[in-house]
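Here the structure is laid out as structure tokens; the discussion comes afterwards.
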Amino acid sequence: MSVLIRNGYVVYGENLDVVRADVLIEGNRIVEVKRGISESAEVVIDATGRVVSPGFINLHTHSPMGLFRGLADDLPLMDWLQNHIWPREAKLTREYTKVGAYLGALEMIKTGTTAFLDMYFFMDAVAEAVLDSGLRGYLSYGMIDLGDPEKTEKEIKEALRTMEFIERLNSERVHFVFGPHAPYTCSIALLREVRKLANEHGKMITIHVSETMAELGKIQERYGKSPVVLLDDIGFLGSDVIIAHGVWLDSRDIQILARHGVTVAHNPGSNMKLASGVMPLQRLLNAGINVGLGTDGSASNNNLDMLEEMKLAALLHKVHNLDPTVADAKIVFEMATINGAKALRLNAGVIKPGYLADVAIIDFNQPHLRPINNVISHIVYSANGNDVETTIVDGKILMLDREVLTLNEEKILDEAEKTIEKLA
């Protein structure tokens, strides 16, 4: 299919230059960006007064957790997990999880996310939902063994089963990622085996690391070192690893992450809501570490809106550092687009010929986005997910003029309500 987006403000190239231009998509690629494209296309979108942006990449979430949105708020992480979330998750079935996955996919499409890195359970069901939605999903089964050798074997088997299921789908949009939950919930044996399997199968790894002081204390007490040093000592880290959070990192940790080319997925909304702390963003960037942006799950955020997450990231680090120049709009926009794509080894995150056609069109014909003095600033500081009008992934239109074309929105919302009633 060919799509021609006419007369928009285009966020062009790696430098994020804003130009008035048309964008021509053929198949799943952007093939031309310039004024007055004369070629005909099967679909023509009038983007007058709108911004054509790279689609947003959510580098850390638990998409089915939208089912638990609002059920356990205003609690510290371990209380939230152990007393509220884990008991509810124990009741989840494949069917319930799939309903949550559809709800998450719908929310992401409607807020301009085009690719996401997920960690949860029943990931074969999540994969089916992603396939139907048209999104790009990088999916990891969250492995937790708590030091039990029998559980270790079981978790590895489930991860490999999930990998085989996803590979049988044979989709360029749905990918498997190894996902040990965290150093405090996984044994050294499990972490070593994940590293070995990732090497054998050429897969990436994602893992929660140094999210809270309590986690830091547990690892220090158990191993006498920080989580990052522990992972380094067992040979776990590499450029194929994406760690989520990275809030409590010291200088040695940062040096180790930089040396291995590890990506850090920043989750400011979740970190603030759970009072986990403030990730040392500027120090990570100064060390040359690739930092992406994630929402975390909808039970700890409480949404999957990457536009809102950009604003939270920018404001959090300014006030924390008492410096308004920290986390400027361009840096945060890069975290939500090109940095996420780099982490996932995805040829996207940029609007430029040759890149994958993963695009969000944002309606600037609204009071809170006028006058159009600075497009990137407006996206980061003024816009929200409801301003996204059209979402395109892999050259396919998933949402046009706020109407989702790939999923039945009314049915998904209804099933989510029925599911949470059953779980309650």
Side-chain angles (χ1 to χ4, degrees), residues 1-5 8 10-11 23-31 33 41-45 47 50-59 61 63 101-118 126-139 166 169-177 292-295 304-307 336-363 379 385 387-409 412:
M1 185 174 81
S2 59
V3 179
L4 179 58
I5 305 168
V10 179
V11 181
V23 178
L24 179 62
I25 296 166
E26 291 182 355
N28 68 346
R29 300 274 168 175
I30 297 166
V31 296
V33 182
E42 294 167 74
V43 178
V44 178
I45 298 173
R50 294 158 176 83
V51 170
V52 185
S53 167
F56 305 114
I57 297 173
N58 189 340
L59 205 55
T61 191
S63 64
Y102 275 118
L103 181 65
L106 179 64
E107 184 179 356
M108 286 188 274
I109 290 171
K110 296 199 75 169
T111 52
T113 289
T114 52
F116 67 104
L117 175 56
D118 214 24
V126 177
E128 290 174 349
V130 174
L131 201 64
D132 290 345
S133 73
L135 289 169
R136 294 189 193 279
Y138 290 76
L139 311 179
I166 289 173
L169 295 177
N170 196 30
S171 170
E172 289 297 314
R173 292 186 292 100
V174 188
H175 303 269
F176 174 81
V177 177
L293 197 63
T295 61
L304 303 178
D305 185 346
M306 285 290 287
L307 285 107
T337 54
I338 193 168
N339 290 9
K342 179 181 176 183
L344 296 175
R345 302 174 176 182
L346 178 64
N347 187 34
V350 175
I351 295 185
K352 192 175 177 180
Y355 281 79
L356 289 166
D358 292 2
V359 175
I361 302 177
I362 305 168
D363 182 10
I379 290 174
D387 298 320
V388 176
E389 191 174 73
T390 296
T391 302
I392 300 171
V393 177
D394 212 37
K396 181 179 180 180
I397 300 172
L398 310 189
M399 179 174 72
L400 181 65
D401 296 331
R402 293 293 299 166
E403 180 186 355
V404 177
L405 306 179
T406 55
L407 298 174
N408 185 328
E409 182 170 355
I412 289 169

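All residue numbers in this chain count up from 1 along the given sequence. In what follows, every heavy atom counts, from backbone to side chain, and hydrogens, waters and symmetry copies are set aside.
We find the CG-CG distance between N408 and L106 to be 9.5 Å, quoted to the nearest 0.5 Å. In this structure, CG on N28 lies 12.5 Å from CD1 on I392, to the nearest 0.5 angstrom. Here L407 contributes atom CG and K110 contributes atom NZ; the two are 11.0 Å apart, rounded to the nearest 0.5 Å. Rounding to the nearest 0.5 angstrom, the gap separating the CG atom in L346 from the CD atom in E172 is 10.5 Å. Distance check: Y138 OH to I57 CD1 gives 8.0 Å after rounding to the nearest 0.5 Å. In this structure, the separation between CD1 on I30 and CG on N347 is 9.0 Å, given to the nearest 0.5 Å.
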Practice problem: Could you give me the CA-CA distance, side-chain angles and deciding distance for T337 and V350, then say whether side-chain contact (heavy atoms from CB on, under 4.5 Å) is met? | Solution: CA-CA 7 Å; T337 54; V350 175; over 6 Å; no
Quiz item: Going through the checks in order, is the side-chain contact (heavy atoms from CB on, under 4.5 Å) test met by T390 and M399?
Solution: CA-CA 5 Å; T390 296; M399 179 174 72; 5.8 Å; no
Quiz item: Hey, mind stepping through L307 and D387 against side-chain contact (heavy atoms from CB on, under 4.5 Å) and telling me if it holds?
Solution: CA-CA 9 Å; L307 285 107; D387 298 320; 5.9 Å; no
Self-check item: Working for side-chain contact (heavy atoms from CB on, under 4.5 Å), residues L293 and L59
Solution: CA-CA 6 Å; L293 197 63; L59 205 55; over 6 Å; no
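Counting heavy atoms from C-beta on, the side chains of K396 and L405 never come closer than 4.5 Å. Using a 4.5 Å heavy-atom threshold, the side chains of L344 and F116 count as separate. Residues R29 and L356 have side chains in contact (heavy-atom distance under 4.5 Å, counting atoms from C-beta outward). Proximity of T111 to F56: side-chain heavy atoms (C-beta onward) are nowhere separated by under 4.5 Å.
Judged by distance alone, the side chain of N58 and the main-chain N or O of T295 form a donor-acceptor pair under 3.5 Å. The backbone N or O of S2 sits less than 3.5 Å from a side-chain atom of E42, completing a donor-acceptor pair. Side-chain N or O atoms of D132 include none that pairs as donor or acceptor with a backbone N or O of Y102 at under 3.5 Å. Formation of a donor-acceptor pair under 3.5 Å by the T406 side chain with backbone atoms of S133 is found in this model. With hydrogens and angles ignored, the 3.5 Å screen pairs a side-chain donor or acceptor of R173 with a backbone N or O of L131. Between the side chain of R136 and the main chain of L117, no donor-acceptor pair closer than 3.5 Å is present.
Counting only N and O atoms by type, the side chains of D118 and S63 include a donor and acceptor under 3.5 Å apart.
Taking the side-chain contact (heavy atoms from CB on, under 4.5 Å) definition, one finds that N339 meets it with N290, E334, M335, sequence neighbours left out. Here T114 pairs with D358, T391, V393 under the side-chain contact (heavy atoms from CB on, under 4.5 Å) rule; sequence neighbours left out.
Smallest separation of non-hydrogen atoms from A348 and A341: O-CB, 3.2 Å. Of all heavy-atom pairs between A360 and V388, the closest is CB-CG1, 4.5 Å. Nearest heavy atoms, G385 versus D305: N-OD2, 2.8 Å. Smallest separation of non-hydrogen atoms from E107 and L304: OE2-N, 2.7 Å.
Here the options are I45, V11, V359, the test is side chain to side chain contact (heavy atoms under 4.5 Å, CB included), and the partner is V52; only V359 passes.
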